[in-house]
Amino acid sequence: MWLSMLGMTALPHVGGLCGGYITRKEVKTWYPTLQKPSWRPPNAAFPIVWTCLYTGMGYGSYLVWKELGGFTEDALVPLGLYGLQLALNWIWTPIFFGAHKLKLGLMNIVLLTGVVGATMVSWYPISRTATLLMAPYLSWLCIATSLNYCIWRDNSEEKEE
């Protein structure tokens, strides 16, 4: 059982590591050329925050999986929504940082935020602890969505290359 816990807790970090590879170059070259709001978090905060958020959501998914007896029919919706939000999360970085598509990134993160909310609603009757582990993630997504919107609003289309 502990192997399942470790695997499910680690799974979200896979996309984070791949996204970090894309972001590493762009945060030094393209990202500084964009107009950003004064309230944006410092660049150094992002890897720390995402490490905590990925760990919390991963462990939450394990709690739901364990409570439902694994990948059962009852787990289809709660873990399906979790998988969908994880996929949307993982593709945001290649869209925003890799392809420089600010508007598409914004559309993705708005959808992602909604799917995370739906995931939390589906998890609540199963595990309140798992749901609460997702709360910081939803809060951070609200900040990230606002940041993405301001960057899209304040930067012309030609910056999107």
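Bear in mind that the values here come from a model prediction, so they are computed numbers and not experimental data.
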Could you measure the distance from the [atom1] atom of [X] to the [atom2] atom of [Y]? Nearest 0.5 Å is fine.
X	Y	atom1	atom2	result
Leu104	Ile109	CG	CD1	12.0 Å
Leu141	Leu147	CG	CG	12.0 Å
Leu17	Ile22	CG	CD1	12.0 Å
Ser127	Met134	OG	CE	11.5 Å
Tyr62	Leu133	OH	CG	13.0 Å
Asn148	Lys103	CG	NZ	12.5 Å

Between [X] and [Y], what is the shortest heavy-atom contact and its length?
X	Y	value
Ile48	Ala44	CD1-O, 3.6 Å
Leu53	Pro136	CD2-C, 3.7 Å
Leu112	Gln85	CD1-O, 3.2 Å
Asn108	Trp92	OD1-CB, 3.3 Å
Ser122	Val77	CB-CG1, 4.4 Å
Pro78	Trp123	O-NE1, 3.2 Å

Any donor-acceptor pair under 3.5 Å from [X] side chain to [Y] backbone:
X	Y	value
Trp90	Pro12	yes
Thr131	Tyr124	yes
Asn155	Gln35	yes

Original post:
Would you find more than 12 non-hydrogen atoms of other residues, nucleotides or ligands less than 6.0 Å from Lys25 atom NZ?
Top reply: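 At most 12 heavy atoms, drawn from other residues, nucleotides or ligands, come within 6.0 Å of this atom.
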
**OP:** Look at atom CZ of Arg128 and say whether more than 12 heavy atoms of other residues, nucleotides or ligands are closer to it than 6.0 Å.
**Re:**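 Atom CZ in Arg128 is not crowded, with 12 or fewer foreign heavy atoms closer than 6.0 Å.
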
Quick one: do [X] and [Y] end up in the same hydrophobic cluster if we chain Ile, Leu, Val, Met, Phe, Trp and Tyr together by side-chain heavy atoms under 4.5 Å apart?
X	Y	answer
Met107	Val110	yes
Ile143	Phe96	yes
Val14	Tyr21	no
Leu84	Leu111	yes

Subject >> Thr145: side-chain hydrogen bond (donor to acceptor under 3.5 Å, both in side chains) partners, not counting sequence neighbours >> reply: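 Listed in chain order: Thr113.
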
Note, [X] side chain near [Y] side chain (heavy atom, < 4.5 Å):
X	Y	value
Pro41	Trp140	yes
Met8	Tyr59	no
Leu106	Leu102	no
Leu86	Met57	yes

Subject >> Aromatic plane relationship, Tyr31 with Phe97 - under 30° parallel, 30 to 60° tilted, over 60° perpendicular >> reply: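 Tilted.
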
**OP:** Classify the angle between the aromatic ring planes of Tyr149 and Trp152 as parallel (below 30°), tilted (30 to 60°) or perpendicular (above 60°).
**Re:**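 Tyr149 vs Trp152 ring planes: tilted.
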
N/O donor to acceptor pairs below 3.5 angstrom from side-chain atoms of residues 63-73, sequence neighbours left out:
{"residue": "Thr72", "atom": "OG1", "partner": "Leu68", "partner atom": "O", "Å": "3.1"}
{"residue": "Thr72", "atom": "OG1", "partner": "Asp74", "partner atom": "N", "Å": "3.4"}
{"residue": "Thr72", "atom": "OG1", "partner": "Ala75", "partner atom": "N", "Å": "3.4"}

**OP:** Verify whether one side chain among Tyr54 and Asn89 offers a donor that lies under 3.5 Å from an acceptor in the other.
**Re:**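 Per modelled atom types, Tyr54 and Asn89 side chains form a pair under 3.5 Å.
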
Subject >> Sequence neighbours excluded, every pair satisfying side-chain hydrogen bond (donor to acceptor under 3.5 Å, both in side chains) that has a member inside residues 4-16 >> reply: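 Every side-chain hydrogen bond (donor to acceptor under 3.5 Å, both in side chains) pair that includes a residue of residues 4-16, provided the two are not neighbours, is His13-Thr55.
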
